[in-house]
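Notes to accompany the following structure.
As the structure lists them, so they are numbered: ligands from 1, and atoms in each ligand from 1. Note: hydrogens, waters and symmetry copies are ignored here, and every other heavy atom, side chains too, is used.
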Amino acid sequence: MIAEIAQSNKIVVEKSTVPVRAAESIMHILHANQRPGIRYDILSNPEFLAEGTAIEDLVHADRVLIGGEETPEGHKAVEKLSWIYEHWIPKKNILTTNTWSSELSKLAANAFLAQRISSINSLSAVCEATGADVSEVARAVGLDSRIGAKFLQASVGFGGSCFQKDILNLVYICEGLNLPEVAAYWQQVIDMNEYQKSRFSQKIIESLFNTVSDKRISIFGFAFKKNTGDTRETPAITVCKTLLEEGAKLDIYDPKVEPEQIIDDLTHPCVTESPESVKKAVQIHSDPYSAVRGTHAIVLCTEWDEFVTLDYKRIYQSMMKPAYIFDGRKILDHERLQQIGFHVQTIGKRYQRTGLNRSWGSVPQL
Ligand code: UGA
């Protein structure tokens, strides 16, 4: 489209997350459709914004990355784009590289972030098996300034449209470059995430006396993280899928995700072969208190702030007994919930029911 309408030389800036070598493909397409005398410079300027904090990330970006051709014209194009950013980003935080480095750095940044989550999530399994507390471990590890505290929040698993896609991209590139060991290394970050999602789902079923058939379960949060209505790759889909396959009835509440989106996600052919039975088993609510009425358990999948301040006494009273809470984001006050009467399970910390003696290493069944 650019080639069709361009009347003069153009700098084309590629910002989206795309397979590596995107700039090269753009260049081929432009050149194939080029009008005589028009010159194109392609720059890679990857996006590091996160959903829910996009404006903040744009205004206070840690860094801006611009990759271009290593030619005099390429350098000029890089300078022009850099000039735009210099209006609000300090020049020392604007990195200029060749196109390949820029494109690979985008994949690498997401791969590193996801790797941290998979690392802490892998340790959450060790914590549950031994009695260590993953929050304490994350704090102790994160206070080492060489490691840092961010992205060490153990969870039901990471979601979103980018981490998985970018790592799979990296794996694909490594395979294409005949680097199978490197491909396997990064693939493990995804595998660990899948393991975490299914481990959490299995824990729910085991805790509910190994069957959820015909039990009603409330799902708190469906988005892949708070402050967004985005459900792409959300761990809630895996959790709901597993519970539905085991015959549970789900009462779902999310403050932002549209009901149609939730139904679309859960009736997708990748999730179920019988969309009609899923529709019968799922009810979407516009209020958390109606979502818990008469249910056996609450499964918290998204860390929405409002879940912290709900009236859990009121919630407990309206639920079936024994009432369970599975906190997949570690945001609730577990001690207080236990005082109210809930059986609490979370990620990376083992809760024993008082008065129940178990031998070291046995699986707790609250
Ligand atoms: C991510 C990156 O953070 C951005 O820098 C990048 O620009 C973006 O992908 C992209 O490539 O477009 P985003 O997917 O919006 O941003 O959200 P994150 O805040 O990174 O969270 C991703 C997932 O990891 C969420 O499911 C979140 O709940 C989970 N997470 C995050 C954890 O489970 N633990 C943590 O400690 C942090």
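- Side-chain atoms of F158 and Q196, non-hydrogen and from C-beta on, never get closer than 4.5 Å to each other.
- If you look at A50 next to ligand 1, the close heavy atoms, those under 4.0 Å, come from the backbone and the side chain alike.
- Under the 3.5 Å distance criterion, the side-chain polar atoms of T302 are matched with a main-chain donor or acceptor of A223.
- Only the side chain of R329 comes within contact range of ligand 1, with a heavy atom under 4.0 Å; no backbone atom does.
- Interface of N110 with ligand 1, defined as ligand atoms under 4.0 Å from a residue heavy atom, comprises 2 (C), 6 (C), 9 (O), 10 (C), 11 (O).
- For ligand 1, the atoms closer than 4.0 angstrom to any heavy atom of F224 are 14 (O), 15 (O), 17 (O), 22 (C), 25 (C), 26 (O), 28 (O).
- Across the listed options K106, K150, E47, K106 owns the non-hydrogen atom lying nearest to atom 11 (O) of ligand 1.
- Annotation: K321, atom NZ; neighbour count of heavy atoms from other residues, nucleotides and ligands within 6.0 Å is above 12.
- Selection from I117, T228, D62 by nearest heavy atom to atom 31 (C) of ligand 1 gives I117.
- Ligand 1 has no atom lying under 4.0 Å from any heavy atom of G160.
- The neighbour count for D62 CG, taken as heavy atoms of other residues, nucleotides or ligands under 6.0 Å away, does not exceed 12.
- Annotation: W83, atom CH2; neighbour count of heavy atoms from other residues, nucleotides and ligands within 6.0 Å does not exceed 12.
- If you number the atoms of ligand 1 from 1 as listed, the ones under 4.0 Å from a heavy atom of C162 come out as 9 (O), 10 (C), 11 (O), 12 (O).
- Near E51, meaning under 4.0 Å from any of its heavy atoms, are these atoms of ligand 1: 15 (O).
- Across R232, K225, R116, heavy-atom proximity to atom 13 (P) of ligand 1 is greatest for K225.
- Per-residue contacts place S155 under 4.0 angstrom from the following atoms of ligand 1 (heavy atoms of the residue considered): 32 (C), 33 (O).
- Scanning for salt bridge (charged side-chain N to carboxylate O under 4.0 Å, His left out) contacts around K349 gives D133, with sequence neighbours left out.
- Looking at ligand 1, you won't find any N or O of G157 less than 3.5 Å from one of its N or O atoms.
- Taking every heavy atom of L113 and a limit of under 4.0 angstrom, the matching atoms of ligand 1 come to 3 (O).
- Between Y324 and F326, the two ring planes are parallel [angle under 30°; tilted spans 30° to 60°].
- The aromatic rings of Y312 and F342 stand perpendicular to each other, their planes meeting at an angle above 60°, with 30° marking the opposite boundary.
- Dense packing is recorded around CG of L143, with more than 12 heavy atoms of other residues, nucleotides or ligands lying under 6.0 Å away.
- Taking a cut-off of under 4.0 Å to the non-hydrogen atoms of G159, the atoms of ligand 1 that pass are 22 (C), 23 (C), 25 (C), 26 (O).
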